[in-house]
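See structure below.
Letters go in sequence order (proteins before strands), and every chain restarts at 1. Since this is a predicted model, take the numbers as computed values, not measurements.
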Amino acid sequence: MTRAEPIDDFAARVLDVVESIPPGRVMSYGDIAGYLRRGPGPRQVGRVMSAYGGAVPWWRVIHADGTPAPGHDLAALAHYLAEGTPLRSAGPPVRVDMRRARWPGR
DNA sequence: ATAATGACGTCGG
DNA sequence: TCCGACGCCATTA
């Protein structure tokens, strides 16, 4: 067999971390890649989110500069307001205050 | 097999 | 602050 599973191990780990991020907190793609400490890198984390992000709180995964995922910034803002995520700008462009909102993992 | 692409990150201008 | 160039790496053309 060559690919019996719907998602690979790396993807499963990424999704697991994303679900562990508490409301009002966020992690960048690079943070997640670094937190796993193994795996191809931030770019591939983004690939996983693009493919399976719909199953997890994707709005808590954003760019290192605090800007949310492209194309979803508006929907993300609604979640931030509802969760009380610290914002540096309610945009546009929408920007999360990374200094306060970053979740170091655990 | 080579080139282009992408939900990235960092640096220089 | 905004924008472009690079480096990075799996996927797709």
(Q) By nearest atom, which of the nucleotides C:dA10, B:dG9, B:dA7 is closest to the A:Pro40 side chain? (A) C:dA10
Q: Kindly say if A:Arg43 contacts the phosphate of B:dT10, meaning a side-chain N or O under 4.0 Å from OP1 or OP2.
A: no
Q) Can any side-chain N or O of A:Ser28 pair as donor or acceptor with the backbone N or O of A:Ile32 at less than 3.5 Å? A) no
Q.
Expressed as a whole number of angstroms, how long is the span from A:Asp8:CG to C:dT11:C1'?
A. 12 Å
Q: Find the distance A:Met98:CE to B:dG9:C1' and express it as a whole number of Å.
A: 12 Å
Q: Could you check A:Gln44 against A:His63 and say which one's nearest nucleotide on DNA chain B is further toward the 5' end?
A: A:Gln44
Q) If only atom types and distance count, is the side chain of A:Arg25 paired as donor or acceptor with the main-chain N or O of A:Arg102 below 3.5 Å? A) yes
(Q) Just the rounded figure in Å: distance from C1' of B:dG9 to CG of A:Asp65. (A) 9 Å
Q | Separation of B:dG9 P from A:Met49 CE (nearest whole Å) | A | 12 Å
Q) So, is A:His72 near the phosphate of B:dA7, with a side-chain N or O under 4.0 Å from OP1 or OP2? A) no
(Q) Students often mix this up, so state it plainly: with edges at 30° and 60°, are the rings of A:His63 and A:Tyr29 parallel, tilted or perpendicular? (A) perpendicular
Q) Rounded to whole angstrom units, what separation is found between the CZ atom of A:Phe10 and the C1' atom of C:dT11? A) 14 Å
Q) Taking CZ from A:Arg47 and C1' from C:dT12, how many angstroms apart are they, rounded to a whole number? A) 9 Å
Q: Could you tell me whether A:His72 and A:Trp58 have their ring centroids closer than 6.0 angstrom?
A: yes
Q. Is a side-chain N or O of A:Tyr80 found less than 3.5 angstrom from the main chain of A:Val94, in a donor-acceptor match?
A. no
Q. Looking across every strand, which nucleic acid part, if any, lies under 4.0 Å from A:Gly41 by heavy atom: base, sugar-phosphate, or nothing?
A. nothing
Q) Can a side chain N or O of A:Ser28 be found less than 4.0 Å away from OP1 or OP2 on B:dG9? A) yes
Q: Could you tell me the separation between the OH atom of A:Tyr29 and the P atom of B:dA7, rounded to a whole number of Å?
A: 9 Å
Q: Give A:Arg60 one of three labels, base, sugar-phosphate or nothing, depending on what nucleic acid heavy atoms sit under 4.0 Å from its own.
A: nothing
